[in-house]
Asker: 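Have a look at this one.
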Number of protein chains: 2
Amino acid sequence: MKTQPRQNLTHQLTHDLGFAIVRGVYPVSEGLPSEADLCIKYNVSRSATREAVKMLSAKGLISSRPKQGIRVLPESSWNMFDTDVLRWILSSKPSLSLLKEFTQVRVALEPQAAALAAVSATPEQLAEIDNALARMADADEGLDDPLEADIAFHTSILVASNNRFFVQLTEFISTALRVSIRYTNHIKGVPGADVNKHADILDTIKSGNPERAKKAVETILEEALELIESKLD
Amino acid sequence: MKTQPRQNLTHQLTHDLGFAIVRGVYPVSEGLPSEADLCIKYNVSRSATREAVKMLSAKGLISSRPKQGIRVLPESSWNMFDTDVLRWILSSKPSLSLLKEFTQVRVALEPQAAALAAVSATPEQLAEIDNALARMADADEGLDDPLEADIAFHTSILVASNNRFFVQLTEFISTALRVSIRYTNHIKGVPGADVNKHADILDTIKSGNPERAKKAVETILEEALELIESKLD
DNA sequence: AGTTCATTATTGCTTAATTATATATCATAT
DNA sequence: ATATGATATATAATTAAGCAATAATGAACT
């Protein structure tokens with residue numbers, strides 16, 4: 001794992017430490033090296049270290065108190081809906097069971113988002129979904145990236161829900177999807193997604209029928225979930 | 001809004017700035033005062049300021065670059081699943097439409113979590129839900145806090161889903177629920193929740209029937225949603 | 001054995017100086 | 001006039017060094 005330089009030292013260090021923590025380099029509820037030791041180890045100043053520590057504690061990975069030192073918090077308090085944290089987790093321990101759990105979340109969220117979109121999407125938002133669908137069709141011809149087109153389709157529905165929480169989840173979904181889709185397509189043995197089924201989803205949303213929209217998304221996601229679960233046994 | 005002193009200066013400043021940003025004191029995509037000005041305004045050192053800025057940027061509220069200064073990011077990039085951010089938002093602009101959106105998220109998540117719990121909850125986890133239900137009953141007699149008992153019930157189901165993402169959402173749900181339940185009970189004119197309906201949920205989970213568990217939770221949440229929507233017109 | 005007190009490791013906080021990096025300004029050349 | 005490029009400037013980035021506050025540990029004293 002090469003760690004290409006980030007925008008600045010603090011971010012670089014935040015990334016390095018965060019990734020190390022997620023990888024389990026430092027035992028949970030045990031200690032990281034002290035600030036002073038981290039300075040030496042990473043050859044940076046105390047301030048840079050402290051700023052990185054503060055960022056990681058803002059993301060729920062660690063806590064730091066005088067004399068006690070810096071402690072890794074239990075996984076349950078890590079903010080997995082922070083895309084940095086999620087990326088670190090996915091790139092260090094991309095387990096199949098985590099993909100299953102992620103897909104279970106999608107099964108909960110995306111059908112509901114589609115139902116809301118069916119009721120409240122603006123013409124511009126519908127055009128955006130349409131556009132993503134066109135990209136998926138292009139991708140079938142090798143004219144676009146199938147992965148990114150697929151992601152764009154699903155996130156554009158979240159945006160069209162006009163619910164701030166769902167909109168906020170676009171980053172989360174697309175981050176995990178970037179790993180998940182690649183995997184499911186791989187085990188299906190196909191390079192891209194089924195454009196027709198995605199077109200169905202858009203139709204139901206356009207027709208303004210929340211129940212049908214919900215069902216259409218549910219169908220496609222349950223399929224993905226079953227595919228993953230079948231590999232888990 | 002009194003700002004009681006937090007555990008330390010940096011956290012205090014993070015809270016003050018975060019709350020001010022969410023309240024809209026600093027125009028979005030415009031600038032906060034420069035680090036130097038913030039030092040003067042809050043009478044703290046440069047390092048304390050920088051650490052607070054780093055924490056807020058870790059939560060997606062701001063970005064900071066040389067010459068450009070510190071900018072408030074658009075709301076869509078605020079990490080609303082961070083409990084600090086959520087609390088700031090709820091205590092500064094607790095709008096009814098935000099409660100509606102939150103409840104829509106609950107409608108998506110909690111039925112699915114209950115379905116998973118029906119399939120995979122351990123005896124200890126079931127006991128935990130049971131315990132929360134008992135607290136709700138006690139609260140009916142004035143022997144416990146109805147709000148906290150209700151929250152405990154709903155979060156214990158999330159935990160029993162044995163899905164890391166749902167478990168992670170307990171903090172999010174309970175933070176928003178603390179505002180939401182108080183409001184819905186207020187407009188219903190009752191002090192606590194309907195214990196019988198909650199007991200039904202536990203029964204369906206215990207019986208191991210995911211579909212019925214899902215339906216049971218859906219029912220109770222759709223009710224809450226309709227209540228809120230009826231007040232929005 | 002328990003309580004108090006000193007020791008000590010570690011983070012918390014301040015100050016100050018230097019460096020890097022964007023942005024804007026202005027001069028120059030086309 | 002309009003690009004182009006050099007220069008200035010504002011701002012964060014980074015380092016350094018020291019003192020303060022805090023909490024865990026162990027020692028001393030009932």
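Just so it is clear: chains get the letters A, B, ... in the order the sequence lines come, proteins before strands, and each one is counted from 1.
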Asker: Please determine if a side-chain N or O atom of A:S63 lies less than 4.0 Å away from the OP1 or OP2 oxygen of C:dT11.
Answerer: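 The answer is no; no side-chain N or O of A:S63 sits under 4.0 Å from OP1 or OP2.
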Asker: Are B:Q12 and B:N8 close enough, and set up right, to give a side chain to side chain donor-acceptor pair (under 3.5 Å), and what steps lead you there?
Answerer: CA-CA 6 Å; B:Q12 173 64 44; B:N8 63 37; over 6 Å; no
Asker: Given atom NZ of B:K67 and atom C1' of C:dT21, what is their separation to the nearest angstrom?
Answerer: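 Roughly 11 Å, once rounded to whole Å.
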Asker: If each of B:G69 and A:L9 is mapped to the nucleotide of DNA chain D with the nearest heavy atom, which maps nearer the 5' terminus, i.e. the 5' end?
Answerer: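 Per heavy-atom nearest nucleotide, the more 5' residue is B:G69.
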Asker: Rounding to a whole Å, what distance do you find between A:L38:CG and C:dT11:P?
Answerer: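 These atoms are roughly 8 Å apart.
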Asker: Tell me which residues in residues 44-54 of chain A put a heavy atom below 4.0 Å from DNA chain C, sorted by number, or none.
Answerer: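 Here the set is A:R46, A:R50, A:K54.
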Asker: Between C:dT14 atom C1' and B:N43 atom CG, what is the distance in whole Å?
Answerer: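 Distance check: B:N43 CG to C:dT14 C1' gives 11 Å.
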Asker: Aromatic rings A:H186 and A:Y183: how do their planes relate, parallel, tilted or perpendicular, breaks at 30° and 60°?
Answerer: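 Rings of A:H186 and A:Y183: tilted, 30 to 60°.
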Asker: State whether B:Q68 places a side-chain N or O below 4.0 Å from either non-bridging phosphate oxygen (OP1 or OP2) of C:dT23.
Answerer: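 Yes, B:Q68 has a side-chain N/O under 4.0 Å of OP1/OP2 on C:dT23.
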Asker: Can you tell me how far C1' of C:dT11 sits from CG of B:N8, to the nearest Å?
Answerer: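 To the nearest whole Å, that distance equals 9 Å.
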Asker: Examine the side chains of A:Q112 and A:N163 and answer whether a donor and an acceptor come within less than 3.5 Å of each other.
Answerer: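 No donor-acceptor contact under 3.5 Å links the two side chains.
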Asker: Do the two ring centres, one from B:F172 and one from B:F166, sit under 6.0 Å apart?
Answerer: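 When the ring centroids of B:F172 and B:F166 are compared, they turn out to be at least 6.0 Å apart.
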Asker: Can A:E75 and A:K93 be counted as an ion pair, charged N to O under 4.0 angstrom?
Answerer: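 Here A:E75 pairs with A:K93 in a salt bridge, since their nearest N and O are under 4.0 Å apart.
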Asker: Whole Å only: how far is the CG atom of A:L32 from the C1' atom of C:dT11?
Answerer: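 Rounding to the nearest Å, CG of A:L32 and C1' of C:dT11 are 14 Å apart.
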Asker: Closer than 4.0 angstrom, basic N to acidic O: yes or no for A:E148 and A:R135?
Answerer: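 No, A:E148 and A:R135 are not salt-bridged.
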Asker: Where does the angle between the aromatic ring planes of A:F153 and A:H198 fall among parallel (under 30°), tilted (30 to 60°) and perpendicular (over 60°)?
Answerer: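 Ring orientation, 0 to 90° scale: perpendicular.
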Asker: What is the separation between atom CD on B:Q12 and atom P on C:dC13, rounded to the nearest whole Å?
Answerer: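 Taking atom P of C:dC13 as the reference, CD of B:Q12 is at 10 Å.
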Asker: Tell me which of B:T10 and A:D37 sits closer to the 5' end of DNA chain C, going by the nucleotide each one is nearest to.
Answerer: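 That would be A:D37.
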Asker: Rounded to whole angstrom units, what separation is found between the CD1 atom of B:I40 and the P atom of C:dA16?
Answerer: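 Answer to the nearest Å: 13 Å.
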Asker: In terms of the nearest nucleotide of DNA chain D, which residue is placed more toward the 5' end: A:R65 or B:P66?
Answerer: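 It is B:P66, whose closest nucleotide lies nearer the 5' terminus.
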Asker: How long is the line joining NE2 of B:H11 and P of C:dT11, in whole Å?
Answerer: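 So the two atoms are 14 Å apart, to the nearest Å.
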